[in-house]
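Just so it is clear: chains get the letters A, B, ... in the order the sequence lines come, proteins before strands, and each one is counted from 1.
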Amino acid sequence: MSILDNCTPAQVEAITHGDGPMLVVAGAGSGKTRVITSRIAYLIQQGVPPWKILAITFTNKAAGEMKERVRTLVGEARVWVSTFHSMCARMLRQSPDAIDCGKDFTIYDAADSLSCIKACLKELDIDSEHWTPASIQAVISNAKNELQTVEQFESRAGNFFERTVAKVYRLYQARLQQNHSLDFDDLLFYVAKLMTEDTPFREHWSRRFDYVLIDEYQDTNHAQYLIARELAAETRNICATGDPDQSIYGWRGADIRNILEFEKEYSDAKVVKLEENFRSTANILKVAEQVIANNTERIDRALYTRGEAGAKVRLTGADDEEQEAEAIYARIQQMRSSGYRYGDIAVFYRTNFQSRVIERVLGLEGAPYVIVGTVEFYNRKEIKDILAYLRLLVNPRDDVAAFRAINTPPRGIGSQTLAALQDEARRYNFSLLEALERSNELPGLGARAIKALGTFRSLIGEIASFEGTAAEIVDHVIKKSGYIQWLRTSKDENREEREENLGELVTSAARYDERTPDGSLQGFLEEVALVSQIDEYRDGDDRITLMTVHAAKGLEFPVVFVSGMEEGLFPHHNSMESESGVQEERRLFYVAVTRAKKELFITHAGSRMRFGMITPALPSRFLREMPAEAIEKQTPYGEEIEEPAVSKTYAVRRREKAVAPEIARDYPETDTFRAGDVVRHPTFGRGEVVECSGAGSRTTVIVRFPGVGVKRLMLHYAKLEKV
DNA sequence: TCGAATTCCGTTTTT
DNA sequence: CGGAATTCGA
């Protein structure tokens, strides 16, 4: 079978493009991934050595699948297919002198980085009400993505907040270096710096590949843009593919200009547009296209399909999230009776917490499902605990790991002892473990503490001397550290599940050993650090897939549910203040809709439990942007709602009075209520305030609604009016 | 120092 | 509501 079979002329044009830069602007469902894999196969057929081809994908899962497809097409596996992050880690490890700590560095994930930042804040005695460690982390992350060094950031810091962040950035970076650790952003940061400023490094890597292909180019940030550009500098055979309408990572530093200005960067670039959609029915595509047309910051283009109209997109308003989940379950069963399998079905949501209700209802009903993301496997407490020991074996200077391992399970090393140890380490510029080595002479410690430290010291020594495969080491650590014994005797209600997870960790190490014969514990840990949520997900099982819209990027399902379409949730509060924020949310919705092949259900709830409180919500503005002729409105029970063509409401079932889907207003936070006030609520009607407590955005009002009951509402969300 | 009890606080989205 | 941080008694 030829690589070009069943391809459209535009696809063939992209696949067979010769040398020189090329931009493939590919709409949703236009066969973009297939074009890239086919192009790789084509290049190999044309005699390009496979090891001279580099393909960069967005996730490791996509990388694996792409490699597999190339193998099927031309029986070749020596192509380098990887994500930016994995690739950068490999580049740094292959260049021993590239960074100060050489090639033996540990990769900190977001949680490790956060605890490091917390430690820095503590050390600097910064304790602000207003700035969370996470917000400081985000600012530092953005700075790194923009390639701002500590010095540059310091010189640009204007206000008090920025100057504070600058201090943290400096200390954080120093700690990372001392710990021989890199966070996610550092991987890109260092490689981008080296590619632009270090001649030997650049020369080596820009000659390494003859062809560079980058997928999801619309989601690259500045550092990634530079890395890609320099990697392809020698031959200029760069092929970028993406879709500006699917740019959904602006908050992470992704710069949509990278794709919009590709033609400026490469004036001789060939541009191929793939505008035929092969994935969705006409009705689904119509909904997607009409909604995205509301974005102003956009290149005008229209996708088309030659496929059938298909079923209308079904829109359902439920009273609350519980009913919404039940409605989804009911429609799922309906879909099954018309021939779909569980595995054909996906449920999307904007934020992770929404998965809980859906999960609960599906579980109650006994429907099989899999959640992609949420508390990912490697983020579980017990896993991170054991990983801390493993990381310490690979990199004894990893203080974040040392801090975690030293008293888990508890072995008599409390905060006092730990503080003394840290003082010692800081005074002599030691790592925590180095300070531990001389802990016998540590001043101000009691005999008990010294003994406890000695126990831990010999434990680490014992574990370090153990040799074996990654799986054997993991197993050894779980047992020797006393962790499993501690877990078994603990009162943790999830202890059995946790023990199973630890078993699963050994299994995954064993799988790594099998897959990577020349692997090491370090290799395993690196893989663990860089796996994404979606990488873990394997389709094929006959189960319903639950995931965030972000995680759904690049996937497709015959049946799709997009849930929680409410103002404040989708679009999300934090994005609603700016027009560009709303536009990114709209692109996100566009991504969600275009995942569907045959059947699309969109749902929203009139109220939702948030922070343990019922918070009312209006239908999302995006719902009003959908074309009426492609929509069918349904009750939560699946009955069609006959309504006038121009309707203002989506969610009226119980009450006759319509809730006007007007855009959420801002409510003055100071305008509080008192007991006895008579108020009106858009859903619950008239009521009397029983109690009002809290301040600012956390103000809580308890209201008794005659005939409805007593409700606890958050003033920030509740649209309460004084009567 | 430990662990149970209590309070606090959060939610975008993720490599 | 549910996990993390903090407090407090032993």
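- In this structure, the aromatic ring of A/His550 is not positioned over the six-membered ring of the base of B/dT13 within 5.5 Å between centres and 30° between planes.
- Relative to the side chain of A/Asn407, the nucleotides B/dG10, B/dT13, B/dC2 differ in distance, and B/dC2 lies closest.
- For A/Tyr249 and A/Phe58, the gap between ring centers is short of 6.0 Å.
- Rounded to whole Å, the distance from CZ on A/Arg380 to C1' on C/dA4 is 18 Å.
- Atom NZ in A/Lys553 sits about 16 Å away from atom P in B/dT13, given to the nearest Å.
- The backbone N or O of A/Gln485 lies less than 3.5 Å from a partner atom in the side chain of A/Thr489, making a donor-acceptor pair.
- As rounded to whole Å, 16 Å separates atom P of B/dT14 from atom CG of A/Asn142.
- No contact: A/Asp185 has no heavy atom under 4.0 Å from any strand.
- Side chain to side chain, A/Asp183 and A/Tyr172 meet the donor-acceptor criterion of an N or O pair below 3.5 Å.
- Residues A/Tyr108 and A/Ser181 bring a donor and an acceptor atom of their side chains to less than 3.5 Å of each other.
- The A/Asn574 side chain lies nearest to B/dT12 when the options are B/dT12, B/dT15, B/dT1.
- Each of A/Leu569 and A/Ser415 was matched to the nucleotide of DNA chain B holding its nearest heavy atom; the match closer to the 5' end belongs to A/Ser415.
- In the set B/dT14, C/dG2, B/dT15, the nucleotide with an atom closest to the side chain of A/Tyr249 is B/dT14.
- Minimum atom distance to the side chain of A/Ala551 is reached by B/dT14, of the listed B/dT14, B/dT15, B/dT13.
- In this structure, A/Asn352 reaches the B/dT14 phosphate: one of its side-chain N or O atoms is under 4.0 Å from OP1 or OP2.
- No contact: A/Glu584 has no heavy atom under 4.0 Å from any strand.
- Within 4.0 Å (heavy atoms only), A/Lys118 reaches sugar-phosphate atoms of the nucleic acid but no base atom.
- Contact annotation: A/Thr417 reaches the phosphate of B/dT1 (side-chain N/O to OP1 or OP2, under 4.0 Å).
- Per the geometry, CZ belonging to A/Phe456 stands 15 Å off P belonging to B/dT1, to the nearest Å.
- Heavy atoms of A/Arg360 sit nowhere under 4.0 angstrom from any nucleic acid atom.
- Within 6.0 Å of CD in A/Glu297 there are more than 12 heavy atoms belonging to other residues, nucleotides or ligands.
- Where A/Ala449 and A/Ala110 meet DNA chain B, the nucleotide closest to each residue was compared, and A/Ala449 sits on the side nearer the 5' end.
- Rounded to a whole Å, the CH2 atom of A/Trp251 is 11 Å from the P atom of B/dT12.
- With rounding to whole Å, A/Lys381 atom NZ is found 9 Å from C/dA4 atom P.
- To the nearest angstrom, P of B/dT1 lies 15 Å from NZ of A/Lys451.
- No option in A/Arg350, A/Arg608, A/Arg621 other than A/Arg608 meets the side chain to side chain donor-acceptor pair (under 3.5 Å) test with A/Glu566.
- Here the C1' atom of nucleotide B/dT13 and the NE2 atom of A/His572 are 9 Å apart, to the nearest Å.
- Put simply, A/Thr59 has no side-chain N or O that comes within less than 4.0 Å of OP1 or OP2 on B/dT15.
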